[in-house]
Amino acid sequence: MDLFEDAADARGSADKPLAVRMRPATLDEVVGQDHLLVPGSPLRRLVAGEGGVAGPASVILWGPPGTGKTTLAYLVSSATGRAFTELSAVNAGVKDVRAVIEQARRQSGMSGRETVLFIDEVHRFSKTQQDALLPAVENRWVTLVAATTENPYFSIVSPLLSRSLLLTLASLDEAGVEEVVRRAVTDERGLGGAVEVSEEAMAHLLRVAGGDARRALTALEAGAGAALATAGDERPAVLDVQTLETAVDRAALRYDRDGDQHYDVISAFIKSVRGSDVDAALHYLARMIEAGEDPRFIARRLVILASEDIGLADPTSLLAAVAAADAVALIGMPEGRINLAQAVIHLTLAPKSNAVITAVDAAIADVKAGLAGPVPSHLRDAHYGGAAKIGAGGGYVYPHAEPGGVAEQQYPPDVVLPRTYYRPTRYGAEARLADLWDKLRTLVRGT
């Protein structure tokens, strides 16, 4: 019996993990990968065993955990009666790879039966191990299906990547994970209706899952076991949020991303950073992360805060916030929490100044009030015919020609000449800028 047959038996066996029992038996049961499942798509043709599936006999499945990479590998082998062999890149070496390939080559020669070789976490294979796969792929001794959570353009050697059909799997949204969970609750392969899940418990399950269907099913199985144990003969047992919390050892936070908790927690978070309390800022960051808040939203608020509440008191804070936002967009969660935490600590400990936002808002307020006089004639554009006739640009002093690179001349319109917008603080790096601005203002204005 090959490994796929083992998995098929597991779907009907109550002593196997729920995630294994609920593994889709057909492509039509796969959730959340509609872009790969359209009629005539390479994946459907590969599962159907049709010849010439986009050329390569190697497939790389790239996507986050719990999106169905292993399931698709099983389906590729089962639908066409191929033999199925599985290796984990965590503990397999070059010797193991070559042994599997040799066995597949002999089996193909003796019986004509094709072999699907599934390698999980292929990004953990060294270059030498990946190179060992090339003869088998080129000679079609195996149909290679490799799964990775890492960007294959960085983690897989070019010769193997160029011979492969790359299929990108998307993270499941909450609706997709909920569909998987509800199917497991009612399906005979799963809980068979023995448990009902309350709406609060369902919402908590979705938060715990974080787009990972396998994680959701594992949590459901733990919660259902606890609910059945306490319900006695009563059926169906009710899985409430308290039972689920106990079973998965993770508290259900009161946090509605569209409600008061969302606004209260982000408000407390920003005020804690502004108030220089690192522990409080990290607490509220953790609450948002655990509640499934969009990390991009958190990062955007940090970018705003870096200029609004710190500004030039620590010019590196904006760089740190933008870098954290870029890192979150690049690598996602859960690793992105580290980048967010670094930025939060940096910004919280930075000296604070609101001089930047105060300056720009004061300037905007004056413009709105009508204080927008004509541009001084010596500052006007003089790069067109006739400009000199109307005095545009006449008398402009080129600063680079002056000692120190600063020229005494009027820059603001007359109406705002006495106004002062930027009022630097004496905190952090801005203390030096305060002295510099005092000196420059005296030189430029001649006062």
Just by distance, no angles: are the side chains of Asp131 and Thr128 close enough, under 3.5 Å, to form a donor-acceptor pair? no
Shortest non-hydrogen contact from [X] toward [Y]:
X	Y	value
Phe118	Ala73	CD1-CB, 3.4 Å
Asp120	Ala147	OD1-CB, 3.7 Å
Ala227	Val238	CB-O, 3.7 Å
Pro315	Ala429	CD-CB, 3.9 Å
Ala201	Val241	CB-N, 3.9 Å

Between Arg106 and Glu102, does any NZ, NE, NH1 or NH2 come within less than 4.0 Å of an OD or OE carboxylate oxygen? yes
So that I can tick it off, tell me whether Arg214 and Glu221 are bridged by a salt bridge, with the cut-off set at under 4.0 angstrom between side-chain N and carboxylate O. no
Quick one: side chain to side chain donor-acceptor pair (under 3.5 Å) pairs with a partner in [range], sequence neighbours left out?
range	value
residues 27-36	Asp28-Arg44, Glu29-Arg189
residues 146-157	His123-Thr148
residues 350-366	Ser276-Lys352, Ser353-Glu430, Asp366-Arg419, Asp366-Tyr421

Side chain to side chain, [X] and [Y], heavy atoms closer than 4.5 Å:
X	Y	result
Arg105	Val142	no
Lys368	Ile364	yes
Trp141	Leu117	no
Val185	Leu220	yes
Leu36	Ser41	no

Residues two or more places apart in sequence or in another chain: which of them pass salt bridge (Lys or Arg N to Asp or Glu O under 4.0 Å) with Arg296? Asp294
Residues in salt bridge (Lys or Arg N to Asp or Glu O under 4.0 Å) with Arg274, at least two apart? Asp309
[X] (side chain) donor-acceptor with [Y] (main chain) under 3.5 angstrom:
X	Y	answer
Asn139	Pro135	yes
Ser272	Ala268	yes
Gln130	Val157	yes
Lys69	Pro64	yes

Test side-chain contact (heavy atoms from CB on, under 4.5 Å) applied to Tyr422 and Leu312, step by step: CA-CA 11 Å; Tyr422 180 48; Leu312 294 170; 3.7 Å; yes
Check this for me: [X], atom [atom1], are more than 12 non-hydrogen atoms of other residues, nucleotides or ligands nearer than 6.0 Å?
X	atom1	value
Arg426	CZ	yes
Gln103	CD	no
Gln342	CD	no

Please tabulate, one pair per line, all N/O donor-acceptor pairs under 3.5 Å involving side-chain atoms of residues 316-336, not counting sequence neighbours.
| residue | atom | partner | partner atom | Å |
| --- | --- | --- | --- | --- |
| Thr316 | OG1 | Asp314 | OD1 | 2.6 |
| Thr316 | OG1 | Asp314 | OD2 | 3.3 |
| Thr316 | OG1 | His346 | NE2 | 3.1 |
| Ser317 | OG | Asp314 | OD2 | 3.0 |

